[in-house]
Novice: 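Take this structure first; my questions come after.
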Amino acid sequence: LRHSAEVKQYALDLLVALGLLALAIEWWRNPTRVGWLWALATAVPFSLALSHPAVFVAGGVSIALVPLVWRSESQRACVAFAAYNVAMLSAFALVFFISTAPQIAATTEEGIMKVYWAEAFPPVSKPIQFLVWLGAVHTGQMFAYPLGGADHGSRALTFGCCVVGAVFLARQRRGVVLALCLAPFAVTFIAAAMHRYPYGGFARTSQHLAPAICLLAGLGAARLIARIRHESMQRRALVAGMSLLAVFATGQMIRDLTQPYRTEHDQRVREFARWFWSDKAIDAELACARTDLKQGFFKQSYLWRGIAQYLCNQRIYSPRHQQGGRQPDLESVSTRHPLRCVVFSRPGLSRDEDSFTTWLAGMQSRFEWVGYEKNEFHKPHEHGPDIERIEVFEFVPRIDLADESVATNPQELPRPRLNAN
């Protein structure tokens, strides 16, 4: 629920995984209706375009359906299944070339994500450590449904219910359904063994496995309740379980209403954006260097984290950006109505000094730099101190361009009064 409300891709991971699983289940229920296979073949390219880990679910679906296709002895089913696999592989290759490979290259260059995901990669070369890791990862955040966090929740209980549900499917000879639920785990595990994608460790990177986890856990819980001999006790156990889920859901909604943010940092930057994009524009022309002036001073990478939240808050609280990104009116800039250019950055990032100097020198060829303001937000992060910075460069029209020289070196630039908040 939390991930579905974030401006991130995790909600799509779950949605796409559930959609692929539902289509496969529908064909399993009625193998004579090959249209469900064609629906899978049609849906899989869009699924992979919307979600990177959807490829693990799509691959798992392909593995799980092989026996069913083989037993069907239907030429139409074979053609549709072949079309599904061709569509899946083609879409994966295209998405990998356009999007995934550059992201892998960026994270490899920085070395951040492999460190961040280290505990989610299986130590396959160390048998004892591997067994310990298996126990920890399957009672960790990957199985934190319906409740869970870093050090608490229903993780072990949920995993136990999943095991019960899987055993029940096996005993009922529902091998295809069981494979549809478990095969995505196997494909994800292989990717983790290759150090390409984490297996467990985090709920957000395991959203594509959430449908299978919740379905198996629900089935397992139902089987455990069904084992209770007395019907009245069964009914009480069912009511108690449903009541706990309702209380948990209600509590989550009440918490989100009273605290509509994930962290205090989120609250601080949101309140700052609410004030900044309205008050700073009252007596000035406010322009974002990135969105309005199309200036990119920093390499786009994982280390550029924070930019998405900055841009989202800008779109929410800036009246001008709410109006379809209307461009700032530079002709209206005057000594009484200055131009304020906003630059989002993070200390320690490798800034393109040539690009920044060129932009600042170009601004000084037309305007006079009269003010500078720095706003910093300290953000807790597991990798250490993290600072997000919003700088404001204030300009007014130059009175006499003929008598002014344009500086080309940052050390030669004039030093306006600093106002650090």
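When a residue number appears, it is its place in the shown sequence, counting from 1.
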Novice: Counting only heavy atoms not in W133, do more than 12 fall under 6.0 Å of its CH2?
Specialist: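 For W133, atom CH2 is crowded (more than 12 foreign heavy atoms under 6.0 Å).
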Novice: State, with a plain yes or no, whether a side-chain heavy atom of L40 is found less than 4.5 Å away from one of W27.
Specialist: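 No. Closest side-chain heavy atoms not under 4.5 Å.
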Novice: Can you name the closest pair of heavy atoms from G220 and V164 and give their distance?
Specialist: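 So the minimum-distance heavy-atom pair works out to O-CG1, 3.7 Å.
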Novice: Below 4.5 Å, heavy atoms only, C-beta onward: do V69 and Y84 meet side chain to side chain?
Specialist: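 Sidechains of Y84 and V69: no contact.
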Novice: Is a side-chain donor or acceptor of S278 paired with a backbone partner of W275 at a separation under 3.5 angstrom?
Specialist: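 Here the side-chain-to-backbone pair exists.
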Novice: Does the plane of the ring in F395 sit parallel, tilted or perpendicular to the ring in F367? Use 30° and 60° as the thresholds.
Specialist: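 Tilted: the ring planes of F395 and F367 meet at 30° to 60°.
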Novice: Check whether more than 12 heavy atoms from other residues, nucleotides or ligands sit under 6.0 Å from atom CZ of R274, and answer yes or no.
Specialist: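 Enclosed.
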Novice: Indicate the ring-plane relationship of F297 and F356, choosing parallel, tilted or perpendicular according to the 30° and 60° boundaries.
Specialist: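 The arrangement is perpendicular - the two ring planes meet at more than 60°.
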Novice: Is it true that atom CZ of F130 has more than 12 heavy atoms of other residues, nucleotides or ligands lying nearer than 6.0 Å?
Specialist: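 Yes - once you tally the heavy atoms of other residues, nucleotides and ligands closer than 6.0 Å, there are more than 12.
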Novice: Hey, is the main chain of G59 close enough, under 3.5 Å, to the side chain of S62 for a donor-acceptor pair?
Specialist: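 Side chain of S62 to backbone of G59: no pair is present.
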Novice: Do NZ/NE/NH1/NH2 and the carboxylate oxygens of E368 and R398 come within less than 4.0 Å?
Specialist: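 Salt bridge absent between E368 and R398.
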Novice: Using a 3.5 Å distance criterion without hydrogens, assess whether the side chain of D266 forms a donor-acceptor pair with backbone atoms of T263.
Specialist: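 Side chain of D266 to backbone of T263, a donor-acceptor pair under 3.5 Å: yes, one is there.
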Novice: Would the distance check show the side chain of R268 and the main-chain N or O of H378 forming a donor-acceptor pair, the cut-off being under 3.5 Å?
Specialist: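 Pair found, side chain donor or acceptor close to backbone of H378.
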Novice: Looking only at heavy atoms, what is the nearest atom pair of G362 and S365, with distance?
Specialist: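 Heavy-atom minimum between the residues: O-OG, 2.5 Å.
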Novice: So, taking the atom named OH in Y310 and the one named CZ in F344, what distance separates them when rounded to the nearest 0.5 Å?
Specialist: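 The distance works out to 8.0 Å.
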Novice: So V66 and F81, side-chain contact (heavy atoms from CB on, under 4.5 Å) or not? Walk me through it.
Specialist: CA-CA 9 Å; V66 167; F81 185 65; 3.9 Å; yes
Novice: Strictly distance-based, threshold 3.5 Å: is any side-chain N or O of E285 a donor or acceptor partner for the main-chain N or O of L330?
Specialist: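 Side chain of E285 to backbone of L330, a donor-acceptor pair under 3.5 Å: no, none is there.
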Novice: Taking NZ, NE, NH1 and NH2 as the nitrogens, is one of them in R290 or E391 under 4.0 Å from a carboxylate oxygen of the other?
Specialist: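 Result for this pair is no, no salt bridge flagged.
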Novice: Return the orientation label for the F393 and W369 ring planes: parallel under 30°, perpendicular over 60°, tilted otherwise.
Specialist: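 The arrangement is tilted - the two ring planes meet at 30° to 60°.
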Novice: Could you pull out the closest heavy-atom pair between A41 and A83, with the gap in Å?
Specialist: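 Answer, listing the atom of A41 first, then A83: CB-C, 4.1 Å.
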Novice: Got a second to check how far L219's CG is from L224's CG, nearest 0.5 Å?
Specialist: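 The distance works out to 9.5 Å.
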Novice: Indicate yes or no: at least one non-hydrogen side-chain atom of V55 is less than 4.5 angstrom from one of F96.
Specialist: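 SC-SC contact between V55 and F96 ruled out.
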Novice: Do L182 and L216 come within less than 4.5 Å of each other through their side chains, counting heavy atoms only?
Specialist: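 Yes, close enough: below the 4.5 Å cut-off.
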Novice: Check the surroundings of atom CD in E264: do more than 12 heavy atoms from other residues, nucleotides or ligands lie under 6.0 Å from it?
Specialist: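 Result for CD/E264: open.
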Novice: Does a side-chain heavy-atom distance below 4.5 Å link V61 with L180?
Specialist: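 Side chain of V61 against side chain of L180, heavy atoms only: contact under 4.5 Å found.
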Novice: Specify the closest pair of heavy atoms between L169 and V177, including all atoms of both residues, with the distance to one decimal.
Specialist: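 Heavy-atom minimum between the residues: CD1-CG1, 4.1 Å.
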Novice: Check step by step if side-chain contact (heavy atoms from CB on, under 4.5 Å) holds for Q295 and M363.
Specialist: CA-CA 12 Å; Q295 297 294 325; M363 293 297 295; over 6 Å; no
Novice: How close do V34 and A80 get, counting heavy atoms only, and between which atoms?
Specialist: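 Smallest interatomic distance, heavy atoms only, reads CG1-CB, 3.6 Å.
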Novice: Tell me whether R340 contacts the main-chain N or O of A284 through its side chain, where contact means a donor paired with an acceptor under 3.5 Å.
Specialist: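 Side chain of R340 to backbone of A284, a donor-acceptor pair under 3.5 Å: no, none is there.
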Novice: What verdict does the side-chain contact (heavy atoms from CB on, under 4.5 Å) test give for W38 and V79, after you've listed the backbone C-alpha separation in whole Å, the side-chain angles of each residue and the deciding distance to 0.1 Å?
Specialist: CA-CA 9 Å; W38 283 112; V79 171; 4.0 Å; yes
Novice: Please round to the nearest 0.5 Å and tell me the distance separating atom CZ of R196 and atom CZ of F121.
Specialist: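 Reported value, rounded in 0.5 Å steps: 9.5 Å.
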Novice: side-chain hydrogen bond (donor to acceptor under 3.5 Å, both in side chains) with R174: which residues, sequence neighbours excluded?
Specialist: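 In terms of side-chain hydrogen bond (donor to acceptor under 3.5 Å, both in side chains), with neighbours along the sequence ignored, R174 is linked to no residue.
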Novice: Can you find a heavy atom in the side chain of H208 that is under 4.5 Å from one in the side chain of S51?
Specialist: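 Counting from C-beta outward, H208 and S51 never come under 4.5 Å.
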Novice: Just wondering, do V95 and H52 contact through their side chains at under 4.5 Å, heavy atoms?
Specialist: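 With C-beta onward as the side chain, the pair touches.
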Novice: Check side-chain contact (heavy atoms from CB on, under 4.5 Å) between V167 and all other residues, then give those that pass, not counting sequence neighbours.
Specialist: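 Counting only residues at least two positions away or on another chain, V167 forms a side-chain contact (heavy atoms from CB on, under 4.5 Å) with V163, R171.
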Novice: How many angstroms lie between CE in M253 and OG1 in T258, if you round to the nearest 0.5 Å?
Specialist: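 The OG1 atom of T258 is 12.5 Å from CE of M253, to the nearest 0.5 Å.
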Novice: Rounded to the nearest 0.5 Å, how far does NZ of K280 lie from CG of N375?
Specialist: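 Answer for the CG-NZ pair, N375 versus K280, is 7.0 Å.
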Novice: Does S47 reach the main-chain N or O of V16 with its side chain, forming a donor-acceptor pair under 3.5 Å?
Specialist: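 Between the backbone of V16 and the side chain of S47 there is no qualifying donor-acceptor contact (under 3.5 Å).
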Novice: Kindly compute the distance separating CG (L360) from CD (Q364), expressed to the nearest 0.5 Å.
Specialist: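 Rounded to the nearest 0.5 Å, the CG-CD separation comes to 5.0 Å.
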Novice: What is the minimum heavy-atom distance between G201 and V137, and which atoms define it?
Specialist: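 Smallest interatomic distance, heavy atoms only, reads N-CG2, 4.0 Å.
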Novice: Is the shortest heavy-atom distance from the side chain of T205 to the side chain of Q141 under 4.5 Å?
Specialist: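 The answer is no, as the side chains (C-beta and beyond) never meet within the 4.5 Å cut-off.
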Novice: Can you tell which of Y199, F185, F189 makes a ring-ring contact (aromatic ring centres under 6.0 Å, His included) with H138?
Specialist: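 Filter result, single survivor: Y199.
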Novice: Run the side-chain contact (heavy atoms from CB on, under 4.5 Å) test on L65 and L37 for me, step by step, so that the C-alpha distance in whole Å, both residues' side-chain angles and the decisive distance to 0.1 Å come before the verdict.
Specialist: CA-CA 10 Å; L65 293 185; L37 272 181; 4.1 Å; yes
